[in-house]
Each structure stands twice: as structure tokens, then as C-alpha cells.
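So that the names make sense, note that chain A is the first sequence line, chain B the second, and so on, each numbered from 1.
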Amino acid sequence: MSQRGPFTRSFFARDALEVAPELLNALLERGGCLARIVEVEAYRGGDDPASHAYRGKTARNATMFGEPGHLYVYFTYGMHFCANVVCGPKGEASAVLLRALSPVKGMQTMRRRRHGMERDRDLCSGPAKLCEAFGITRSLDGADLLYGKEGIVLRRDGVAPPGKPNIGLRVGLSERSGAARTFPWRFAVPGDPNVSRAMRIPT
DNA sequence: CTTTGGATCGTCT
DNA sequence: GACGATCCAAAGG
């Protein structure tokens, strides 16, 4: 695995379940804002009832069916955006949802976007919060995360993923997701204060 | 610290 | 017409 620098397309062209824990401790950068990925969830395509792709391709989820390594941004609850990294070979529609980041640089900008939240741990400690902090909206849906040509990039700086990530259940799934609600497809960096409380407990 | 309910609209049924 | 891969302020321990 690459210790430093950009990711490769083939890194993402795998099962989201493999990619998700390996994305921990990677860096997301946009403009002057820089943060480390500390909590993620894996979503798969056709066989995952919790996935937006489960019921097939639509205008909203089209990006999930495209090339891996791109950003899938969706709008929810009438007011929030959430960001995913597309995984799997083209056409497979799996993805990794970014649930929490640990801010590294550009906190003043994040604070301004986040309505003046004082504490660093309130800036990116949730899937919609991190999108707000980074100014991610639907206009960034489909952006390639490998080289930063659309102004947003994912890379590694030498900090490896945790050898033993904390593992838990995915959040916010309704009963419609059935047995998928019991799949331990959520991963977090142990001990990071930006991670959801329940996920800070070792598994 | 935890719990509860309101906000708000694009998307798919 | 119903429902979110959510967040936050307010209220109670």
C-alpha cells in the first residue's frame, strides 16, 4: 500500500468493505482546508439494502455507478449533504461514506462555514458537518479525488491506517434495510475525539 | 452528561 | 405523499 502521495485508481476498484478501513488516516484536502479521515462506513451495491444503489441507477446516485475514486455527494433531510468515495469496478456502485474527519489545517475557514462552532471537534464530527466545513455540495458530485483537478483531493502523508480499527454498526439505517442493519461495516480510528462516542469503545 | 423534537426539500413511490 | 446514510437547541439528570 502507498505510504505517501496520491492514491491509485486500482486502490478504489475493490470491494468497499476492503477499502473502507484502509482509508482511515488518509487526508482530504480542499482549498486551505485539510483533515484526516477517522470514521467511515462501507456501502455496497446490489446486495446491500442500505445502499442508495440497491434499487438501481437514478439521477441522484448515477456517480456511484461510474469510475472508482470519484466523489459521490447526496442531499438529505432537506438541508444536509453527505460525501462518499466511489469504490468497486465501474458499474458496481459501491462506496465509502465519510463520517468524521480530524481537522489539521484551515480551521478558521471551517469555523466560518460551520456557523462559528468554537471547538475543533465540532467542525467535522459527522457526515453532514464535514461537508459543511469543507463547503462540499452537489456541485462537487462526480469530482475525481485522485489528482485534485476539481479542487478536492484524497492522499496519504505516511500515517498508516490503524492495525486494529474500531468496528461497529452503520448509523441511521431504517427497518427497510433488514439484516444489513446488523453488518459491522463501520470503521474508526481508536481514540480520536472526532469519532462518534460509541465508536471510541474498542471492539 | 443524555434525551427529545423540529427543521426542511429533493427524490422516488 | 412520505421519507430520509442528519444536526442542533432546549430541557432534564
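Rounding to whole angstrom units, CZ of residue A/R99 and C1' of C/dA5 are separated by 7 Å. At whole-Å resolution of the value, CG in A/N84 and P in C/dT6 are 11 Å apart. As rounded to whole Å, 13 Å separates atom P of B/dT13 from atom OH of A/Y54. Between A/Y72 atom OH and C/dA5 atom C1' the separation is 9 Å, expressed in whole Å. Atom CZ of A/F81 and atom P of B/dG10 are 10 Å apart (whole Å). To the nearest angstrom, C1' of C/dC8 lies 10 Å from CG of A/D122. Between A/H115 atom NE2 and C/dC8 atom C1' the separation is 10 Å, expressed in whole Å. The separation between A/M117 atom CE and C/dT6 atom P is 17 Å, rounded to whole Å.
No engagement by A/R181 is indicated, since no non-hydrogen atom pair under 4.0 Å with the nucleic acid exists. Within 4.0 Å (heavy atoms only), A/Y77 reaches at least one base atom of the nucleic acid. Contacts of A/S174 with the nucleic acid, taken as non-hydrogen atoms under 4.0 Å apart, involve only primed sugar atoms and P, OP1 or OP2. Within 4.0 Å (heavy atoms only), A/R170 reaches no atom of the nucleic acid at all. Backbone-only engagement by A/R114 is indicated by non-hydrogen atom pairs under 4.0 Å involving sugar-phosphate atoms exclusively. Residue A/A128 is in sugar-phosphate contact alone, with no base atom involved, counting any heavy-atom pair closer than 4.0 Å across all strands shown.
At a cut-off of 3.5 Å, with distance as the only test, no side-chain donor of A/S177 or A/R170 sits close to an acceptor on the other residue.
For A/M79, counting side-chain heavy atoms from C-beta on, the closest listed nucleotide (B/dA7, B/dC1, C/dC8) is B/dA7. Taking the side chain of A/P127 as heavy atoms from C-beta on, and the options B/dC9, C/dT6, B/dC12, the nearest nucleotide is C/dT6. Distance from the side chain of A/R138 is smallest for B/dT11 among the nucleotides B/dT13, B/dG10, B/dT11. For A/R60, whose side chain is taken as the heavy atoms from C-beta onward, the closest listed nucleotide among B/dG10, C/dC8, B/dT11 is B/dT11. Closest to the side chain of A/F75, out of B/dA7, B/dC9, C/dT6, is B/dC9. Closest contact between the side chain of A/R55 and the listed nucleotides B/dT13, B/dG10, C/dA5 involves B/dT13.
The side chain of A/H52 places an N or O atom within less than 4.0 Å of a non-bridging phosphate oxygen (OP1 or OP2) of C/dA5. Contact between the side-chain N/O atoms of A/R186 and the OP1/OP2 oxygens of C/dA5 is not found at any separation under 4.0 Å. Residue A/T58 places at least one side-chain N or O under 4.0 Å from the OP1 or OP2 atom of B/dC12.
One finds no salt bridge joining A/K90 and A/E67 here, because no Lys/Arg side-chain nitrogen approaches an Asp/Glu carboxylate oxygen to under 4.0 Å. Salt bridge A/D157/A/R4: absent, no basic N to carboxylate O contact under 4.0 Å.
Here A/Y74 does not count as stacked on C/dA5, because the ring centres are not under 5.5 angstrom apart with planes under 30°.
Using a 30° and 60° split on the angle between ring planes, A/F75 and A/F81 fall in the tilted class, from 30° to 60°.
When each of A/K57 and A/G78 is assigned the nucleotide of DNA chain B bearing its nearest heavy atom, the one mapping closer to the 5' terminus is A/G78. Between A/L130 and A/R176, it is A/R176 whose nearest contact on DNA chain C lies nearer the 5' terminus.
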Steps toward ring-ring contact (aromatic ring centres under 6.0 Å, His included) verdict (A/Y43, A/H52)
CA-CA 8 Å; A/Y43 285 87; A/H52 287 169; 7.4 Å; no
Check the pair A/H70 / A/M64 against side-chain contact (heavy atoms from CB on, under 4.5 Å), numbers first and verdict last.
CA-CA 8 Å; A/H70 287 247; A/M64 288 185 83; over 6 Å; no
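The side-chain heavy atoms of A/K164 and A/P190, taken from C-beta on, include no pair separated by under 4.5 Å.
In this structure B/dT8 sits in no base pair that meets the Watson-Crick or G-U test at under 3.5 Å.
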